[in-house]
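Lettering follows sequence order; numbering is per chain, from 1.
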Amino acid sequence: MSNIAQVIVNIPARSIDKPFSYLIPEQLPAIDIGWRVLVPFGSRKVEGFVISLEDEPTDGLKSILAVLDDYPWFNDNMLKTAEWLSRYYLCSPAEAMRLFVPGLSGIKSTKAYQAAHAIDCEQASILLAAKPAEYRTVLSYILDHGPVSQADLAKLPGSIETILKFLLQHKLIIHTDTVLKRGKASTIRLINLTVSKESAAQAEQALPPSKSAQRRLLHALIQTGELSPTELRNLHISADTVRKLTSQGLVASREVQIFRNSYNTIIHKVDEITLTTAQQQALQQIGPVLKAGIHKSFLIHGVTGSGKTQVYIKAVAEARGLNRQAIVLVPEIALTSQIVARFQAAFGQDVVVMHSKLSVGERHDAWRRLHSGQAGIVIGARSALFAPVDNLGVIILDEEHEFTYKQEDSPRYHARQVALFRARIAGAAVILGSATPSVETYHQALSGEHTLITMDKRVDNVPLPPVTVVDMREELLKGRRSVISPALTEMLAEALFRKEQAVILLNRRGYSTFVLCRECGHVLKCRHCDIALVYHTPGHSLRCHYCQERHTVPDTCPECGSRYIRYFGAGTQKVEEALNALFPTAKIIRMDQDTTTKKMAHDKILAAFAAGTYDILLGTQMVAKGHDIPNVTAVGIISADTALNLPDFRAAERTFALLTQAAGRAGRGNKAGRVVMQTYNPDHYAIVNGGMHNYQGFYENEIIFRRQLNYPPYSNLIKITVQAGDEIQVHRNANQLAAELSPVSANAATTVIGPFPASVAKVKDIFRVNILIKTKDMAEVTGHLANLNIACRKDVIIDIDPINVL
DNA sequence: AGCACGCCGACT
DNA sequence: GTCGGCGTGCTC
C-alpha cells in the first residue's frame with residue numbers, strides 16, 4: 001500500500017523546485033494525488049500539493065499533518081497542465097500549481113507566544129537581571145496573559161523582536177503556530193415552519209396582540225415558506241423572536257451555503273438571434289468536433305462586427321448540451337463587459353465570472369460553484385484558464401491577438417499556449433477569434449494547425465467604414481501645426497451636427513510627451529528611470545510613466561540654466577484641450593489610465609458614453625476595444641504611428657491591430673461610419689492596410705519580414721534579462737551569463753543575440769540588459785537553460801516566447 | 001520564503 | 001570576552 005506522498009510545498013522560492021516526501025498517517029487515509037495538505041517544512045507548517053504516491057520506505061520522513069479540503073483540489077488535467085507549464089516556462093512546480101489556487105495560499109498561520117512549561121522563575125530573574133527592564137515587562141506580560149500574538153506584544157515598549165528571540169533562546173517562552181484554513185464558505189440560516197400552514201395560522205390567532213413580532217413572523221412564513229436574514233431584518237424581526245418560536249417548536253432553521261457575487265450586472269433578456277450564413281457555417285465545422293470529443297483548434301478570422309460572439313455562445317451551448325464545461329477567455333474583463341453580459345443573458349446562473357477584482361472569498365465561491373458542477377461556464381481574463389473544470393469541452397479565446405494574454409510576471413505563460421495544451425489533453429476544442437489574428441496564429445492556421453474559419457462580412461452586411469489617411473507631413477508643409485487636422489475637424493463637426501458620436505484614439509496619456517530645453521536640447525528625464533518625463537496638466541507636474549514619481553517643473557534647464565523650457569508632443573490631455581477649443585459645446589469624456597483608476601471606471605465611462613451623455617470619447621487604446629455603440633459614426637486616430645516606431649519586431653503587428661480595432665468601432669449600427677487616420681508614415685504597410693481593413697495585405701508584407709529576420713513564426717524566442725542596481729555590474733553579469741550560454745549557441749538552429757541594454761535601460765534605479773535567443777529547437781534550449789540552473793537566479797528573468805524584445 | 005548556522009567588527 | 005551584523009544553505 002502506498003503510504004508515502006510526494007508533495008510540492010507552496011513556497012514562493014524558485015530555488016525549491018523539487019517535491020518532498022512525506023508519510024501519510026494512518027488516520028488520514030483519504031490522501032491521494034491532487035489533494036491539498038498541511039505539512040511540516042523546516043520549523044514551519046506550510047500548504048502542499050500531493051503530486052504522486054510511492055511506497056518505498058525511506059528513513060527520516062515527516063508526516064502529513066492534515067488535509068485542507070474534503071476533496072482533491074487538482075484533477076489529472078490540472079496536474080498535467082501544471083507540470084507542463086513548469087517545464088515549458090521554466091518556473092518552479094509550486095509557481096505553476098499556485099495558478100490553480102485562488103487567493104494564493106489556502107492557509108493562514110498565526111504565531112502566539114506563551115510561557116515555557118517548565119519555567120524556572122529564579123533562573124529567569126538571574127538571566128534578565130543584566131537586561132533592560134523591557135525584557136522583564138515582556139516576560140511578565142506573557143506569563144500573565146497566556147498565549148499572546150506578536151501584534152499584541154508589539155504595543156509593549158522596547159524592540160520586541162530582539163527580546164522574543166532572547167526569551168525563546170533561553171527557553172523561557174515557547175511559540176505556537178496555529179494554522180487556519182482560509183476562504184471558508186459563507187453560510188446563512190434560513191427560517192422555516194416546522195408545522196403545517198394551518199396549525200401555524202391557528203398559533204398566530206392564539207397569540208396575544210402584544211406579541212406582534214411573533215405574529216408577523218408566523219404570518220410571513222405562511223406567505224413565503226422560508227425567510228432569509230435580510231428578509232427578517234426588513235420585517236423588523238429580531239433573533240429573539242425567532243428563538244421564542246423555535247422553543248415553541250413552531251419554526252426551525254437550516255444552514256445553506258451562499259455564494260458571494262459581486263458581478264451584479266443587469267441581465268438583459270435574450271433575443272433569439274437568427275444566425276447569418278457565415279455563423280452557421282462556422283458552427284457546422286465546430287459542432288461535430290465537440291460531439292466527437294476530440295481535440296481540435298479553430299481560428300475564426302472575423303472582421304469587427306461579424307458576430308463572433310454569437311458563434312462562441314452557440315458553441316458553448318453545444319458543449320453544455322453534451323454536459324461538458326467551457327472556459328471563455330477575454331483580454332480584460334473591465335473592457336469586455338458586453339461579452340460577459342451576453343453570456344450571462346444566454347446562460348444565467350450557469351456562468352461564473354472571474355476577474356482580478358474579486359475578493360479571496362468571492363474567488364473561492366466561484367471556484368466551488370465550478371468544482372461542484374453548479375456552474376459549467378467560466379468567463380474571465382487569462383487566470384480563468386486555471387478553473388477547476390472536470391469535463392472540459394471547449395476553450396474560447398476572444399481577441400486572441402491581444403498581448404494581455406501573456407502574463408508579465410512569473411510564470412510568464414501565454415494563455416493561448418496553455419489553452420491549447422489543456423484542451424489537447426482533455427480532448428476539447430479551442431476556438432481562437434480575432435479580426436486581426438496574431439501573425440503566429442494565422443501562420444499556424446494556414447499551415448493546417450488550426451482550422452481557419454473566415455467571416456468577412458459584418459452582420460446585416462453593414463459596410464466597413466471608409467478610412468481617410470491624412471499625411472501629417474503634408475499638413476506641416478502647409479503650415480498646419482494643430483494636432484487635429486482639417487479632415488478630422490470636418491468629420492467631427494459633421495458627426496456632432498447629426499447628433500452622432502465620435503471616438504478619438506491617441507495612444508499617449510498626459511499632456512505633452514516630452515519636455516525639452518530649446519537652448520541646449522536637454523530632455524527632462526526621470527531620476528530613477530531612463531525615460532523622458534511627461535507633463536500632466538492636473539497639478540502642473542511632470543510624471544514618470546514607469547515609476548509614477550511626480551517631479552515639479554523646473555523654472556530653468558537643469559543643464560544650462562536657460563529659461564527656454566518647452567513642451568513637445570501631444571497626449572490625451574492636450575487633445576482634450578484642443579477639442580474643447582474647436583467644439584466648445586460638445587461634451588467630451590477622456591478615458592485613459594488617469595481617469596480609470598477607480599474600480600469599474602471603464603464600465604461607468606463607457607456606459608455614460610453609450611447612453612449619449614457625451615458626444616466624444618477620447619482616450620488611449622482602451623477606447624478601441626470591445627464596445628459596440630450604434631450611434632458612433634466617426635472614429636479619429638490622432639497619431640497612427642505611435643506604436644510603429646518602437647524598436648520591436650511586433651511594432652507593425654501592434655499598430656495594424658490597433659488601427660483596425662479602432663476603425664471597427666465606427667458605423668456598427670444602421671448609420672454609415674467614417675474614419676480619419678493621421679500619420680507621418682502613410683506609406684507603411686501597417687497603415688495602408690489598416691486603412692483598407694485588409695488583413696491579408698498586412699499579413700503578406702509582415703510574414704516576409706519575419707522570415708527574412710528569422711522572427712516568430714519562423715523561430716521561437718527566449719528573452720533573458722539581467723538586472724542589477726549598478727550599471728557596470730549588470731553588464732559584467734550579463735556578459736558572464738552570455739558566456740555560460742555557449743553550449744546553447746552551439747546548435748545551428750539557435751542564435752544568441754546580445755547582451756544589449758534594454759530599450760528603457762533603467763527602471764526604478766535598476767539597470768536591465770537583455771540577451772535574446774532565437775531558436776527552432778525550443779526543447780533543446782530550455783533543457784540547457786534548466787541544466788544551467790539560471791531560472792532560480794533572483795537577478796535573471798527568463799521570458800519564454802516574450803511578447804516584446806524591448 | 002524563513003530560519004539556522006557561521007564567521008568577523010564594536011561594545012560592556 | 002560577548003552581541004549581533006547579514007552572507008550561505010537547507011527545508012522530506
Side-chain angles (χ1 to χ4, degrees), chain A residues 2-26 28 31-33 35-68 86 91-99 101 103-113 126-135 138 149-151 158-180 182 409-411 724-726 729 733 789-797:
Chain A
S2 324
N3 63 343
I4 292 165
Q6 298 274 71
V7 175
I8 297 291
V9 289
N10 186 5
I11 283 174
R14 267 182 276 175
S15 50
I16 305 172
D17 59 353
K18 62 177 201 304
F20 290 82
S21 303
Y22 288 89
L23 284 169
I24 301 173
E26 276 171 28
L28 297 173
I31 293 176
D32 205 338
I33 293 169
W35 284 65
R36 289 198 311 162
V37 291
L38 185 68
V39 290
F41 192 67
S43 59
R44 307 178 288 159
K45 294 166 185 169
V46 297
E47 180 189 37
F49 312 118
V50 178
I51 55 157
S52 62
L53 298 181
E54 273 178 26
D55 39 21
E56 265 177 66
T58 320
D59 286 339
L61 293 187
K62 291 185 182 175
S63 285
I64 291 173
L65 298 168
V67 289
L68 292 176
S86 122
C91 67
S92 72
E95 274 180 302
M97 297 188 86
R98 237 208 313 266
L99 294 168
V101 184
L104 300 176
S105 174
I107 56 166
K108 186 180 187 289
S109 114
T110 34
K111 280 205 174 92
Y113 298 88
I126 298 166
L127 271 166
L128 295 178
K131 291 284 164 195
E134 285 101 34
Y135 280 67
V138 171
S149 70
Q150 183 155 4
S159 97
I160 201 76
E161 303 257 335
T162 323
I163 299 172
L164 286 173
K165 210 171 155 187
F166 179 86
L167 295 175
L168 280 170
Q169 211 166 30
H170 293 88
K171 304 219 164 20
L172 296 172
I173 60 167
I174 55 167
H175 81 265
T176 51
D177 213 356
T178 323
V179 178
L180 292 171
R182 266 202 199 143
D409 39 43
S410 187
D726 182 89
Q729 188 69 42
N733 292 353
N789 232 6
I790 46 178
C792 63
R793 270 176 64 171
K794 266 178 143 179
D795 62 332
V796 174
I797 297 167

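- Atom NZ of Lys794(A) is separated from atom P of dG7(C) by 12 Å (rounded to the nearest Å).
- The closest side-chain donor-acceptor pair between Ser21(A) and Glu54(A), if any, does not fall under 3.5 angstrom.
- With sequence neighbours excluded, no residue forms a side-chain hydrogen bond (donor to acceptor under 3.5 Å, both in side chains) with Asn789(A).
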What are the atom names and distances for every N/O pair under 3.5 Å that joins the protein to nucleotides 10-12 of chain C?
| from | atom 1 | to | atom 2 | distance (Å) |
| --- | --- | --- | --- | --- |
| dT11(C) | O3' | Gly42(A) | N | 3.1 |
| dC12(C) | OP1 | Pro40(A) | O | 3.3 |
| dC12(C) | OP1 | Gly42(A) | N | 3.4 |
| dC12(C) | OP2 | Lys62(A) | NZ | 2.5 |
| dC12(C) | O3' | Ser21(A) | O | 3.0 |
| dC12(C) | O3' | Lys62(A) | N | 2.6 |
| dC12(C) | O2 | Ser21(A) | N | 2.6 |

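- Annotation: side chain of Ile4(A) is in contact with side chain of Leu23(A) (closest heavy-atom distance under 4.5 Å).
- The only option from Leu61(A), Val39(A), Val9(A) that meets the side chain to side chain contact (heavy atoms under 4.5 Å, CB included) definition with Phe20(A) turns out to be Val9(A).
- Not counting sequence neighbours, Asp32(A) has no partner by the salt bridge (charged side-chain N to carboxylate O under 4.0 Å, His left out) test.
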